[in-house]
Visitor: 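Encoded as structure tokens, here's the structure I'll be asking about.
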Amino acid sequence: MSNQNPVFIPGPTNIPDRLLNAMHQQTMDHRSPSFVEMLKPVLSDCKRVFGTETGEVIIFPSTGTGGWEATICNTLSPGDKVLIARYGMFSHRWIDLCQRHGLDVQIIECPWGSGAPSDKFEEVLSQDTNHEIKAVLATHNETATGVKSDIKGVRGAMDTAKHPAMLFVDCVSSLGSMPFDMDAWGVDAAISGSQKGFMLTTGLAILAVSQKALAAMETAKLPRTFFDFKDMMAANNSGGFPYTPPLQLIYGLRESLAMLLEEGLDNVFDRHHRMAEGVRQAVAAWGLKLCANSPDLYSDSVSAIYVPEGFDSNQLTAHAFDTYGVSFGIGLGEMNTKAFRIGHLGSLTDVMVLSGLATIEMAMADLNYPITLGTGVAAAQEYFRKTAPKKSV
Ligand SMILES: *Cc1c(COP(=O)(O)O)cnc(C)c1O
């Protein structure tokens, strides 16, 4: 029965029955008119989630990591310089990917728990008077530390420095859970995947690219075949894919978009904020500390929480799973053994969050953590009681 418990990992997330049912489809010829008709509105509805009217949405059978690779390969050439800050496991992996593709990666090292350093970006970009830096890369929501960065601020820094570089943003664990405004923030490529805010199985890289990034394709020399934007856009225009599309996932994405838009994106974001704040109230009541350095950086989709000195967070997450059948996120990279993570995104409600808090509280009590059973749950309950959306009676 423990497979009935929700997961509290920050992806893959819980899949609503409605989406499981939508993906329960027999094989269909992807050249048939019904697939052709289905694809176009899926792409245009995705634009609303990205907050773009001028960009193009491109979907690959892949994952977020493939989205990083697709972005780099279609817009840059070997030896091109890119600027990126390392402040968690996901920015770290994106750096590694860029280096393996032969890019010249200028890295700003930041403490884990901080966000994208707009001031340092501005400094570096202002000094780059020959405009050698072709792109600035930023992780919107660093899933390892539960830090949300100010992407508008990064764009502001680029504009202040009057620098023409493109801005590429990883929004894998924020899109569809937190506000994202691609056009307003001047983002040139936004990269997401199917298994987080979209509540689907893993298997799609979902990207939105600006006209400027599309223009960069004309001179970009990194090799690409499977991930070629041009091939994909040309095929999409005639209603198809350049290869066999993951049909069931695209049906799932159509339904996911319907769910998000029916709830209303603003309501989706409010729900995430409320769940996150409930978790943060519990963390404070336990007397524990978040990895995120300050409230402006708090993520609404994942919280990374330090365990007290002398405790091992891997033991805690293992115990919660072995004893109660509930998964929480382990500490990644520098945070391993020091912090655990509660994913609070996707198909979740206040009530489900309470069950997660109650479970991790039991696990902490079992392992003699200096917390009082019930305090975290009570703090979240008080917060949820105060903020529950009013239903007209
Ligand atoms: C999950 C995640 C990724 C990686 O996505 P995959 O789908 O596992 O390749 C990248 N960046 C962030 C911020 C993530 O949370």
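Whatever order the structure lists ligands and atoms in, that order sets their numbers, starting from 1. Residue numbers start at 1 and run along the sequence shown.
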Visitor: Please tabulate, one line per pair, the protein nitrogen or oxygen atoms found under 3.5 angstrom from a nitrogen or oxygen of ligand 1, with distances to 0.1 Å, or say none if there are no such pairs.
Guide:
| residue | atom | partner | partner atom | Å |
| --- | --- | --- | --- | --- |
| ligand 1 | 7 (O) | G64 | N | 2.9 |
| ligand 1 | 7 (O) | Q195 | NE2 | 2.7 |
| ligand 1 | 9 (O) | T63 | OG1 | 2.6 |
| ligand 1 | 9 (O) | G64 | N | 3.3 |
| ligand 1 | 9 (O) | T65 | N | 2.8 |
| ligand 1 | 9 (O) | T65 | OG1 | 2.5 |
| ligand 1 | 11 (N) | D170 | OD1 | 3.4 |
| ligand 1 | 11 (N) | D170 | OD2 | 2.6 |
| ligand 1 | 15 (O) | T143 | OG1 | 2.4 |
| ligand 1 | 15 (O) | K196 | NZ | 2.7 |

Visitor: Salt bridge check: are R155 and D188 linked by an N-O gap of less than 4.0 Å?
Guide: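 Result for this pair is yes, salt bridge flagged.
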Visitor: What are the two closest non-hydrogen atoms of D183 and G55, and how far apart are they?
Guide: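 Scanning both residues completely, I find the closest heavy atoms to be OD1-N, 4.4 Å.
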Visitor: Using the six-membered ring of F90, assess whether NZ or CZ of K196 lies under 6.0 Å from its centre and within 45 degrees of the ring axis.
Guide: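 Judged by the rule (NZ or CZ under 6.0 Å from the ring centre, within 45° of its axis), K196 counts as positioned above F90.
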Visitor: What do you reckon, is NZ of K120 surrounded by more than 12 foreign heavy atoms closer than 6.0 Å?
Guide: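 For K120, atom NZ is not crowded (no more than 12 foreign heavy atoms under 6.0 Å).
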Visitor: Is there a side-chain contact between H101 and E69 (heavy atoms, below 4.5 Å)?
Guide: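 Result yes, sub-4.5 Å side-chain heavy-atom pair found.
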Visitor: So which pairs with a foot in residues 347-365 pass salt bridge (Lys or Arg N to Asp or Glu O under 4.0 Å), sequence neighbours left out?
Guide: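 Every salt bridge (Lys or Arg N to Asp or Glu O under 4.0 Å) pair that includes a residue of residues 347-365, provided the two are not neighbours, is R274-D350.
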